[in-house]
Amino acid sequence: MLDKKFILEYPDVVQKNCDVRGAKADVHRFVQLETECRLMQQQVEELSRKANVVSKSIGVAKDDAERDQRKEEGRTLREQKEQLQEAIDRLTAEARAIYRSLPNLTHPEAPIGAEDHAREIRRGGPEVRKFSFPVLDHVVLAEQHDLIDFEGGARVAGNGFYFLKNEGALLELALQQFVMQFLVGEGFVPTITPDLARAEILQGIGFIPRGPETQIYSVENFDLNLVATAEITLGGLYSGEVLEMEKLPLKMCGVSHCFRTEAGAAGRASRGLYRVHQFTKVEMFAFTLPEQSEAMHQYFCDLECKIFDGLGIPYRVIDTATGDLGGPAYRKFDLEAWMPGRGKAGEYGEVTSTSNCTDYQARRLNIRYKTRGEKGTHLVHTLNGTAVAISRALIAILENYQQPDGSIIIPEVLRKWVGKERIGATEE
RNA sequence: GGUCGGGUGGCAGAGUGGUCGAAUGCACCGGUCUUGAAAACCGGCGAACCUCCGGGUUCCCUGGGUUCGAAUCCCAGCCCGACCGCCA
C-alpha cells in the first residue's frame with residue numbers, strides 16, 4: 001500500500017503511475033472519498049467528545065434524576081454518532097477498494113511500457129554453447145535418465161505435479177545445499193519456513209488468496225493457504241513487529257515448497273518443469289532501512305548472478321518494464337537462463353527475479369523500525385529475490401550440460417552433494 | 001483434540017465498570033556531578049489520525065455484544081503457556 005498522505009498530496013503522480021503500470025484505478029475518486037470521509041469523521045469525533053463529557057458527568061452527578069437525564073443525553077449522542085459512522089463506513093469501503101488496488105510507485109529508471117519493453121542490463125556466465133549434435137529438451141533428457149516422473153505425479157496429484165527421481169532428486173538437494181551454503185557465507189540467516197500461511201499474511205505480501213483468478217491453493221475449513229513462495233513466510237515473519245534499527249539490514253534466506261495453481265496460464269509455453277504446481281525454492285529476503293534498499297536490490301541481483309555463474313549457466317538480466325511489475329514491486333530484475341532445448345533453437349527462460357518493494361509490503365504488514373533517540377517508528381523496506389527455483393534451475397542444468405553421448409555432466413559445484421560427475425556416464 | 005491459565009507501551013508487569021492511555025521496574029533520551037565513563041540524582045519517554053495548535057478522537061490480541069460509560073463484564077475466534085491424549 002502507498003502512503004495515504006502522499007496520494008492526497010500528489011494524486012496526479014499516483015494516477016500516472018497506475019497508468020504506466022496498467023493498473024485500473026480512479027485516484028481522484030479516492031481523493032474525493034477520502035476528503036469527504038475526513039470531514040464526516042471530524043463530526044463523529046465531535047459527537048464522541050460530547051458523549052464522553054456526558055458520560056464522565058454521570059459518575060459525579062448528585063442525584064438520580066440528573067443521572068437519568070444525562071444517560072438519555074448520552075444515548076442520543078451515541079445514536080447520532082452511529083448513524084453518521086455507518087455513512088462513513090460505506091464510503092470508506094469504496095475508498096479502501098481503490099486504495100488496495102494501487103500498485104507501488106516505480107523506480108525512475110524502470111523501462112516504461114509492456115512486457116516487451118524490458119531492458120537487458122547484463123549478461124553473464126559462460127558463452128552460449130554451440131552444440132554439434134541435436135539438442136534435446138529437459139523432458140526428453142529426464143525421460144532418458146529416469147530423473148522425473150511426470151506420469152506418476154499426475155496419477156498422484158494431477159497434471160503439473162511430478163516425482164523427482166534418482167539424480168533428479170539428488171540434484172534438488174544439491175542445489176539447496178549449494179545455495180544455502182553460499183548465502184550463509186554472505187551473512188544470511190538460513191531458515192526453513194512453513195509451507196502454509198494465513199490469508200492475512202498472503203495479502204500483506206500482495207497475494208490474493210481466494211477468488212477465481214487466484215494463484216493460491218487454500219485449505220478448506222482453515223484460514224490457511226499453501227505458499228507460492230517463501231517470500232510470503234519470510235515477509236510475514238516480523239509482521240506487526242518493531243525491529244531495532246541496529247539489526248538492519250536483516251538478510252534471511254528460506255527454503256520452502258511453492259505451490260501455484262497457474263490459473264489462466266494455459267497456453268503459455270509450459271512444457272515439462274517450466275510451469276508446475278509445486279516446486280522447491282530458496283528465497284532471499286531482506287528488511288532494510290529506506291536508504292539501504294536500493295543498494296540491497298543491486299546486491300540481491302549480484303548474488304543471483306553469482307549463483308548462476310557458479311553453476312556455469314549462461315544468462316542475461318533484464319530490468320522489468322512497468323507494465324509487467326507486480327503490485328508491490330518498485331523495481332524488479334529478472335535473471336533469464338539460457339535453455340538450449342526451449343523453443344525452436346533455445347530461448348532464455350526466467351529463473352530468478354528480485355524485487356525492491358520499498359515500504360509497500362511493510363505498510364500492509366506493519367513492520368517498522370525504531371531509531372534510537374528519536375520519537376516514533378518508521379516503516380522498513382522489504383526486498384525479495386530468488387536464490388534458486390529448483391525446477392527451472394534443473395531445466396537449465398540438464399539442457400546446458402547435455403553431452404554428445406547422451407550423458408549429462410553435473411556442474412562442478414554440485415558434485416560433492418550429488419556424489420558423481422555425470423548422469424548416465426558411458427562405460428569406458 | 002481435551003482441561004486449566006494467559007494475551008496490557010521497546011521489554012517485564014500492575015490494573016475486575018467512571019478522574020486509566022494506563023502504576024512500577026528495565027531500556028531509551030536530556031540534564032547535574034565527573035578529566036571521561038559508570039554509579040547516583042533530576043527531568044522526559046506508546047502509536048495513529050484530526051486540529052481554529054488550546055486541544056480532540058481512536059487504540060490495552062481480533063470481531064461482536066451489554067452499558068450513559070469497558071483494559072475491566074458476556075459471546076465467538078486467533079495466538080501463547082502448562083498438563084493430559086494422539087502422533088512422525
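Here is how names work: the chains are called A, B, and so on, in the same order as the sequence lines, proteins then strands, and each is numbered from 1.
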Say you pick atom P in B:rU3 and the same atom in B:rC59; how far apart are they, in whole Å? 32 Å

Spacing of the P atoms in B:rG7 and B:rU66 (rounded, Å): 25 Å

A:Arg75 CZ to B:rG69 P, in whole Å, measures 8 Å

Taking B:rA27 as the reference, what is the distance to B:rC78 when you measure between their C1' atoms (whole Å, please)? 30 Å

Between B:rA23 and B:rA47, how far apart are the P atoms? Round to whole Å, please. 14 Å

Using the C1' atom as the reference point in each nucleotide, state the distance between B:rC45 and B:rG25 in Å, no decimals. 14 Å

Judged by nearest nucleotide, the residue sitting upstream toward the 5' end of RNA chain B, A:Ser55 or A:Glu46, is A:Ser55

Identity of whatever pairs with B:rU66 - Watson-Crick or G-U, under 3.5 angstrom: none

Spacing of CD1 belonging to A:Ile390 relative to SG belonging to A:Cys258, to within rounding of 0.5 Å: 9.5 Å

If you pin A:Glu72 and A:Lys5 to their nearest nucleotides in RNA chain B, which one's is more 5'? A:Lys5

Rounded to the nearest Å, what distance is computed from the CE atom of residue A:Met1 to the C1' atom of nucleotide B:rA48? 13 Å

Side-chain donor-acceptor contact under 3.5 Å, A:Gln85 with A:Asp89: yes

Need one value for A:Asp223: base, sugar-phosphate or nothing, where a base atom within 4.0 Å counts as base even if backbone is also close, heavy atoms only. nothing

Which value, in whole Å, describes the distance between the P atoms of nucleotides B:rC29 and B:rC74? 43 Å

Opposite nucleotide pairing with B:rA40, Watson-Crick or G-U, both atom distances under 3.5 Å: B:rU32

Roughly, in whole Å, what's the span from CE in A:Met40 to P in B:rU51? 16 Å

To the side chain of A:Lys56, which of B:rC68, B:rC78, B:rU19 is closest? B:rU19

Spacing between A:Gln41 atom CD and B:rC59 atom P, to the nearest angstrom: 11 Å

Looking only at side-chain N and O atoms, does A:Arg38 come under 4.0 Å of OP1 or OP2 in B:rC49? no

Describe, in one word, how the ring planes of A:Phe161 and A:His277 are oriented to each other, choosing from parallel (under 30°), tilted (30 to 60°) and perpendicular (over 60°). tilted

Of B:rG56, B:rG18, B:rU58, the nucleotide closest to the side chain of A:Ile58 is B:rG18

If pairing requires Watson-Crick or G-U wobble contacts with both distances under 3.5 Å, which nucleotide is the partner of B:rC83? B:rG2

Checking base pairs now: Watson-Crick or wobble, both atom distances under 3.5 Å. What partners B:rA88? none

Identity of whatever pairs with B:rG17 - Watson-Crick or G-U, under 3.5 angstrom: none

Test applied, side chain to side chain donor-acceptor pair (under 3.5 Å); reference residue, A:Gln361; option that passes from A:Asn384, A:Thr382, A:Asn104: A:Thr382

Send over the distance from A:Glu82 CD to B:rU58 P, rounded to a whole Å. 13 Å

Looking only at side-chain atoms of A:Gln42, point me to the closest of B:rU51, B:rG56, B:rU58. B:rU51

Nearest whole angstrom, please: distance from the P of B:rC78 to the CD of A:Glu200. 13 Å

Geometric class of the A:Phe150/A:Tyr162 ring pair [parallel <30°, tilted 30-60°, perpendicular >60°]: tilted

Looking at A:Arg368, I'd like to know whether one of its side-chain N or O atoms comes within less than 4.0 Å of OP1 or OP2 on B:rG10. no

Please determine whether a side-chain nitrogen or oxygen atom of A:Ser57 lies at a distance below 4.0 Å from atom OP1 or OP2 of B:rC68. no

Walk me through whether A:Glu283 and A:Lys281 qualify under salt bridge (Lys or Arg N to Asp or Glu O under 4.0 Å). CA-CA 6 Å; A:Glu283 182 79 356; A:Lys281 181 156 67 71; 2.7 Å; yes

If the glycosidic angle sits within 90 degrees of zero it is syn, else anti. Tell me which applies to B:rG54. syn

Is A:Arg49 touching bases, backbone alone, or none of the nucleic acid, heavy atoms closer than 4.0 Å? sugar-phosphate

Looking at the side chain of A:Asn52, which of B:rU19, B:rC68, B:rU57 is the nearest nucleotide? B:rU57

Given the C1' atoms of B:rU58 and B:rG21, what is the spacing between them in whole Å? 11 Å

Interatomic distance, A:Ile201 CD1 vs B:rC78 C1' [rounded to whole Å]: 12 Å

Without decimals, in angstroms, what is the distance between A:Ile367 CD1 and B:rG10 P? 16 Å

Whole-angstrom distance between B:rA39 and B:rC33, as gauged at atom C1': 11 Å

With a 4.0 Å cut-off, would you call A:Arg119 and A:Glu109 a salt bridge? no

